[in-house]
Asks: 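Structure provided below as structure tokens; questions to follow.
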Amino acid sequence: MIIGIGVDVVDVPRFGRQLERTPGLRARLFVPAERELNLRSLAARFAAKEAVAKALGAPAGMNWQDCQVDLDAAGAPRVSVRGTVAAAAEAKGVRTWHLSLSHDGDVATAMVVAEG
């Protein structure tokens, strides 16, 4: 059963300017394993985190560090949650996450399906 869906689109150059203007933003949004990725990958991961929040109904108190995007053994992106995000997902009955990322020019997009 689908619990929620979320989609987000990020303007890559604008996101890059935000990271430059706010030095602590990279550390606040991304776990250490994500921080050194290129700008397009960071933008896509931020879009994924936003899409996860939307799929959960944008719960208050979500810690960005509690949602991580990594790659499975085949190289496909996957969502890993813990802490505040895991608690919100558990409260809604989410057991499985489906994630798709895309980049085209200056745009990064993420689509998330939360399944129970």
Side-chain angles (χ1 to χ4, degrees):
M1 176 173 64
I2 294 175
I3 306 294
I5 60 170
V7 65
D8 197 65
V9 177
V10 174
D11 180 293
V12 177
R14 185 175 66 141
F15 186 68
R17 289 189 300 273
Q18 289 173 323
L19 289 175
E20 288 173 10
R21 277 194 306 263
T22 311
L25 187 59
R26 186 179 299 251
R28 191 167 72 234
L29 296 177
F30 301 105
V31 299
E34 297 170 318
R35 291 180 195 154
E36 300 307 316
L37 296 171
N38 66 58
L39 181 58
R40 283 174 41 136
S41 292
L42 285 176
R45 279 162 172 74
F46 179 69
K49 292 174 186 223
E50 285 278 345
V52 165
K54 291 173 182 178
L56 292 173
M62 181 175 138
N63 182 334
W64 295 107
Q65 297 277 326
D66 290 343
C67 181
Q68 179 176 347
V69 177
D70 53 16
L71 303 177
D72 68 14
R78 66 180 177 197
V79 174
S80 299
V81 298
R82 62 191 156 276
T84 59
V85 180
E90 184 177 338
K92 295 219 176 234
V94 176
R95 290 188 212 147
T96 305
W97 295 98
H98 304 277
L99 170 63
S100 179
L101 301 176
S102 184
H103 311 85
D104 186 23
D106 289 343
V107 176
T109 307
M111 168 73 176
V112 168
V113 176
E115 184 179 1

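All values derive from a computational prediction rather than experimental measurement.
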Asks: Report yes if some heavy atom in the side chain of L37 is under 4.5 Å from a heavy atom in the side chain of R45; otherwise report no.
Replies: yes
Asks: Should L29 and K49 be marked as a side chain to side chain contact (heavy atoms under 4.5 Å, CB included) after you check the CA-CA gap, both sets of side-chain angles, and the distance that decides it?
Replies: CA-CA 9 Å; L29 296 177; K49 292 174 186 223; 5.6 Å; no
Asks: State which residues pass side chain to side chain contact (heavy atoms under 4.5 Å, CB included) with E90; sequence neighbours excluded, sorted by chain then number.
Replies: none
Asks: According to ring pair (Phe, Tyr, Trp, His ring centres under 6.0 Å), does anything in residues 38-69 pair up with another residue at least two apart or in another chain? List the pairs.
Replies: F15-F46, F46-W64
Asks: Please check if L101 and L39 belong to a single hydrophobic cluster, counting links between Ile, Leu, Val, Met, Phe, Trp and Tyr side chain heavy atoms closer than 4.5 Å.
Replies: yes
Asks: Can you tell me how far apart CG (D11) and CD (Q18) are? Round to the nearest 0.5 Å.
Replies: 9.0 Å
Asks: Determine whether V85 and V79 satisfy the following criterion, side chain to side chain contact (heavy atoms under 4.5 Å, CB included), listing intermediate values before the conclusion.
Replies: CA-CA 11 Å; V85 180; V79 174; over 6 Å; no
Asks: Got more than 12 heavy atoms from elsewhere within 6.0 Å of NZ, K92?
Replies: no
Asks: Can you pull the ring pair (Phe, Tyr, Trp, His ring centres under 6.0 Å) pairs that have at least one residue in residues 77-116, sequence neighbours excluded?
Replies: none
Asks: D66 and T84: side-chain hydrogen bond (donor to acceptor under 3.5 Å, both in side chains), yes or no, with the steps?
Replies: CA-CA 6 Å; D66 290 343; T84 59; 2.8 Å; yes
Asks: Kindly work out whether a path of hydrophobic side-chain contacts (I/L/V/M/F/W/Y, heavy atoms less than 4.5 Å apart) joins M111 to L99.
Replies: no
Asks: Checking E34 side chain against R26 main chain: does a donor-acceptor pair fall under 3.5 Å?
Replies: no
Asks: Does I5 share a hydrophobic cluster with V7, counting links as ILVMFWY side-chain heavy atoms below 4.5 Å and allowing steps through other members?
Replies: yes
Asks: State yes or no: do L25 and V69 share one hydrophobic cluster built from I, L, V, M, F, W and Y residues joined by side-chain heavy-atom distances below 4.5 Å, directly or via other members?
Replies: yes
Asks: When rounded to the nearest 0.5 angstrom, what distance separates CG in N63 from CZ in R28?
Replies: 10.5 Å
Asks: Write down the atom of D8, the atom of A47, and the distance for their closest heavy-atom approach.
Replies: CB-O, 3.4 Å
Asks: Does the N38 side chain pair with the main chain of S41, one donor and one acceptor, at a distance under 3.5 Å?
Replies: yes
Asks: Using a cut-off of 6.0 Å, state whether more than 12 heavy atoms not belonging to R82 lie near its atom CZ.
Replies: yes
Asks: Got a donor-acceptor contact below 3.5 angstrom from the D106 side chain to the P13 backbone?
Replies: no
Asks: Would a hydrophobic clustering, with Ile, Leu, Val, Met, Phe, Trp and Tyr connected at side-chain separations under 4.5 Å, put L71 with V81?
Replies: no
